[in-house]
Protein chains: 2
Amino acid sequence: MSTIKDVAEKAGVSISTVSRTLTSSAPVMEETRQKVLEAVAELNYQPNTVARGLKVGRSKTLGLIIPNYQSLVFPDAIKGITDALDDFGYNLVLGDTYDNLEREEQLIEGLRMRMVDGLICSTATRTSTHLLQLKEEGFPVVLLLRHLNEDIDAVIADNYQGGFVGGNYLLNKGFTRIGFINGSLELDLYRQRYSGFQNALSAKGVEKDQRLMAHGHKGWQGGYYAMLKLLNQKPFPEAVFATSDPKAFGAIKAIHESGMQIPQDISVVGYDNLEFSQLINPPLTTIGQPFYDMGRMAAQKILELINRDNRKEAIVDKFPVELIERGSVREK
Amino acid sequence: MSTIKDVAEKAGVSISTVSRTLTSSAPVMEETRQKVLEAVAELNYQPNTVARGLKVGRSKTLGLIIPNYQSLVFPDAIKGITDALDDFGYNLVLGDTYDNLEREEQLIEGLRMRMVDGLICSTATRTSTHLLQLKEEGFPVVLLLRHLNEDIDAVIADNYQGGFVGGNYLLNKGFTRIGFINGSLELDLYRQRYSGFQNALSAKGVEKDQRLMAHGHKGWQGGYYAMLKLLNQKPFPEAVFATSDPKAFGAIKAIHESGMQIPQDISVVGYDNLEFSQLINPPLTTIGQPFYDMGRMAAQKILELINRDNRKEAIVDKFPVELIERGSVREK
DNA sequence: CTGAAAGCGCTTACAG
DNA sequence: CTGAAAGCGCTTACAG
């Protein structure tokens, strides 16, 4: 690959002049400009982003940290991020943490050694104090999907609303014995969904039954085992609200294996509107989140933080969610 | 963030000495070493990878190019790649092409400006001549999942075998009118699967019926519409082999919507063994590919290419596939 | 064993 | 408008 030096030689000018015509950071005589551009074209010269980054203190690279690549909520969000970044010449380097704090800290260190200009993190748990520290150092961070507190910029969905809407929907269909399969309470998003659901119940005067609350470990397996437990209750719940589509899929598997039909015997509502949720039989009624838009927004925010860091107060953007009615719930 | 200069000052040595103790590129007196290490610890110094990269011509960064983030075959492969890379301090920067050649070329240019040490590409189509050019320049490239020709290192699955095994399985179950829903013939992998399937048929003396061959466009929708066509045949096929799980999901949706049962009325075999395929009802019989292992292998190969570029002949690693029997095929 | 110097490929004051 | 010089944060011959 040719360097700025090669171009300067071929064009018969100094490297300063080459740099100036390429960055248009200072006026260059039209004739000189042309000579330089020709040389650039002939040599197929591409400026070295790394060298430039070292000089100007901007790498034009962002870090993205997610808990794991296998989770299906991220592809759309990543797409949103990269689409927003494309216009600005930014690249994304990524890492997954498996929700391991130590690993996450190492990852962030590695990213900073690489001079990333900012970080989009989709990993915040209650223990994520290191993120606060980054922010205090003035390092641009925005949280995506997972919320920590009001001190760090974040782009999240309205999880409380999602829990409420899902619960309310089932209530309106006439159900009162509703199973609730939740995820880890380490995550604010699950606490919010839970609280929204509870409030929907109390608003309708339905008493809370602790035995109908099940904790679903990660992935569809979590939903499967949680549902198995719920099925052991007598009488078992007439409807189930799972706080992620994979958990719903697992629950559905458990229900089918028990020889029951959805929605005839049990109704189920999921959460996420994964592409897959429309493909099962019956198609899953679920709470949809605008992952793509949230990704886009996160990218925009991080660029803002990078370009004018004067802002002090963090802003948390909360996107509305949407109930998507399909075939997994019946009228009671 | 502190620099090597800060460390040198604090330790009372030259920056050369700091560099040497940190890279252990030359002997340093134990006492000096300790002083340096202390200073490093106190300042929480992290060497700047970008600066180092510029000097030594290695960025410790790899590019990964895939057609799109939404495709579900990549998460496992990416996981394999990053797991293999972790031990070597390599990071991944990624891009998606939407199978757009121009965009891919731009992406690669951008990556090279960023001095990535090598590229893992999962995008090769028949038009990917630019990849050959990279390879000729001596730039490390390995193809993943998608094959181009024997001139570039690649890690792929045995797609011919997959087509053959799937076809043969259905034949052994007693079916002869088998629909085949394929993907784009721009991709070698689909040509291979098709050819494997055809050979399974001819080996059993089953005549090829062009009307049973359907082309499925991208995603589950492709499988859905292809199946709709197949369903219009009289008599319609008694079994269907879809060359991707999403296509199979779409086909299944179409079958269900026609009021038919799987496998009672039509048997179906998918391809990929996506996590999801075990969650539908009935669970999908499919051809499994070792995505994670292939990702790992691709990472290993690219590191090899980077570290000893003496090798001239390309090596194509072909991983075996596996038929995973579940509930979507009946005995005729 | 250690330091001063050169240099990776750029950008950007500083002179002219 | 243009060039020579300094410098981003490192590594690595070159001297000693």
Side-chain angles (χ1 to χ4, degrees), chain A residues 1-40 43-61 89 91 109-117, chain B residues 1-40 43-61 89 91 109-117:
Chain A
M1 304 207 82
S2 43
T3 72
I4 197 172
K5 226 164 146 184
D6 302 324
V7 177
E9 249 165 55
K10 170 149 272 177
V13 298
S14 73
I15 61 166
S16 322
T17 299
V18 175
S19 176
R20 283 190 200 103
T21 101
L22 258 25
T23 61
S24 12
S25 56
V28 175
M29 231 175 58
E30 183 52 28
E31 199 190 321
T32 326
R33 225 178 71 84
Q34 287 308 331
K35 275 193 305 186
V36 170
L37 261 23
E38 269 171 44
V40 165
L43 295 169
N44 188 25
Y45 167 68
Q46 309 285 352
N48 182 323
T49 312
V50 170
R52 174 178 288 173
L54 185 59
K55 187 67 184 111
V56 305
R58 286 275 173 87
S59 66
K60 288 265 198 177
T61 310
N91 268 118
E109 237 167 42
L111 254 19
R112 297 203 64 187
M113 287 163 64
R114 275 188 165 66
M115 287 183 56
V116 296
D117 297 337
Chain B
M1 303 208 83
S2 43
T3 72
I4 197 172
K5 225 164 148 184
D6 303 324
V7 176
E9 249 165 56
K10 170 147 272 178
V13 298
S14 74
I15 61 165
S16 322
T17 298
V18 175
S19 176
R20 281 189 200 104
T21 99
L22 257 26
T23 60
S24 13
S25 55
V28 175
M29 232 175 57
E30 183 53 26
E31 199 188 321
T32 326
R33 224 179 72 84
Q34 287 308 331
K35 275 193 304 187
V36 170
L37 260 24
E38 270 171 44
V40 165
L43 295 169
N44 187 26
Y45 167 69
Q46 308 286 352
N48 182 322
T49 312
V50 169
R52 174 180 290 175
L54 185 59
K55 187 64 185 111
V56 305
R58 287 276 173 88
S59 67
K60 288 265 196 178
T61 310
N91 269 117
E109 237 167 42
L111 254 19
R112 297 203 65 186
M113 286 163 67
R114 276 190 163 66
M115 287 182 57
V116 296
D117 297 338

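Residue numbers start from 1 in every chain, and the chains themselves are labelled A, B, ... in the order their sequence lines are given, proteins ahead of strands.
For the side chain to side chain contact (heavy atoms under 4.5 Å, CB included) test, no residue two or more places apart in sequence or in another chain qualifies with B:Glu9. Not counting sequence neighbours, the partners of B:Arg52 by the side chain to side chain contact (heavy atoms under 4.5 Å, CB included) test are B:Thr23, B:Pro47, B:Val56. In this view, B:Lys35 satisfies the salt bridge (charged side-chain N to carboxylate O under 4.0 Å, His left out) rule with no residue, not counting sequence neighbours. Among residues two or more places apart in sequence or in another chain, the salt bridge (charged side-chain N to carboxylate O under 4.0 Å, His left out) test is passed with B:Arg112 by B:Glu137. Partners of A:Glu30 according to the side chain to side chain contact (heavy atoms under 4.5 Å, CB included) rule, which considers only residues two or more places apart in sequence or in another chain, are A:Arg33, A:Gln34. Applying the salt bridge (charged side-chain N to carboxylate O under 4.0 Å, His left out) criterion to B:Lys60, with sequence neighbours excluded, gives no partner residue. Applying the side chain to side chain contact (heavy atoms under 4.5 Å, CB included) rule to A:Lys5 yields the partners A:Thr3, A:Ile15; only residues at least two apart in sequence or on another chain are considered.
Rounded to whole Å, atom P of C:dC10 lies 13 Å from atom CZ of B:Arg112. As rounded to whole Å, 5 Å separates atom C1' of D:dC8 from atom NZ of A:Lys55. The CE atom of A:Met115 sits 12 Å away from the C1' atom of D:dC10 (whole-angstrom rounding). Between B:Met1 atom CE and D:dG9 atom P there is a gap of 12 Å when expressed in whole angstrom units.
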Apply side chain to side chain contact (heavy atoms under 4.5 Å, CB included) to A:Leu37 and A:Thr21, showing your working. CA-CA 8 Å; A:Leu37 261 23; A:Thr21 101; 4.0 Å; yes
Side chain to side chain contact (heavy atoms under 4.5 Å, CB included) between B:Val36 and B:Val28, intermediate numbers included: CA-CA 10 Å; B:Val36 170; B:Val28 175; 5.8 Å; no
Quick one, B:Leu111 with A:Asn91, criterion side chain to side chain contact (heavy atoms under 4.5 Å, CB included). Give me CA distance, side-chain angles, the key distance, then yes/no. CA-CA 9 Å; B:Leu111 254 19; A:Asn91 268 118; 4.3 Å; yes
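The distance from the CG atom of B:Leu22 to the CZ atom of B:Arg20 is 12.5 Å, given to the nearest 0.5 Å. Atom CD1 of A:Ile4 sits about 8.0 Å away from atom OG of A:Ser16, to the nearest 0.5 Å.
Side-chain contact of B:Thr61 with B:Arg114: a donor-acceptor pair under 3.5 Å is absent, judged by distance alone.
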Starting at the 5' end of DNA chain C, write a dot or bracket for each base, bracketing those in Watson-Crick or G-U wobble pairs whose two distances are under 3.5 Å and using | for partners on another strand. |||.||||||||.|||
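Toward the 5' end of DNA chain C, the nearer of the two residues B:Ile15 and A:Leu22, judged by each one's closest nucleotide, is B:Ile15.
Side-chain contact between A:Met115 and B:Asn48 is present, with heavy atoms from C-beta onward closer than 4.5 Å.
Applying the side-chain contact (heavy atoms from CB on, under 4.5 Å) test between B:Asp6 and each of B:Val40, B:Leu43, B:Val18 identifies B:Leu43 as the sole match.
Near DNA chain C, defined here as any heavy-atom distance below 4.0 Å, the residues from residues 43-54 of chain A are A:Tyr45, A:Gln46, A:Pro47, A:Asn48, A:Ala51, A:Arg52, listed numerically. Listed by residue number, B:Pro27, B:Val28, B:Met29, B:Thr32 are the residues of residues 23-33 of chain B with a heavy-atom contact under 4.0 Å to DNA chain C. For the segment residues 2-14 of chain B, the set of residues with a heavy atom within less than 4.0 Å of an atom of DNA chain C comprises B:Val13, B:Ser14, in numerical order.
Here B:Ser16 does not reach the OP1 or OP2 of C:dT2: none of its side-chain N or O atoms lies under 4.0 Å away.
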List, with names and distances, any nitrogen or oxygen atoms from the protein found under 3.5 Å away from nitrogen or oxygen atoms belonging to nucleotides 14-16 of chain D.
none

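Judged by distance alone, with hydrogens and angles left aside, the side-chain atoms of B:Asp117 form a donor-acceptor pair with the main-chain N or O of B:Ser59 at under 3.5 Å.
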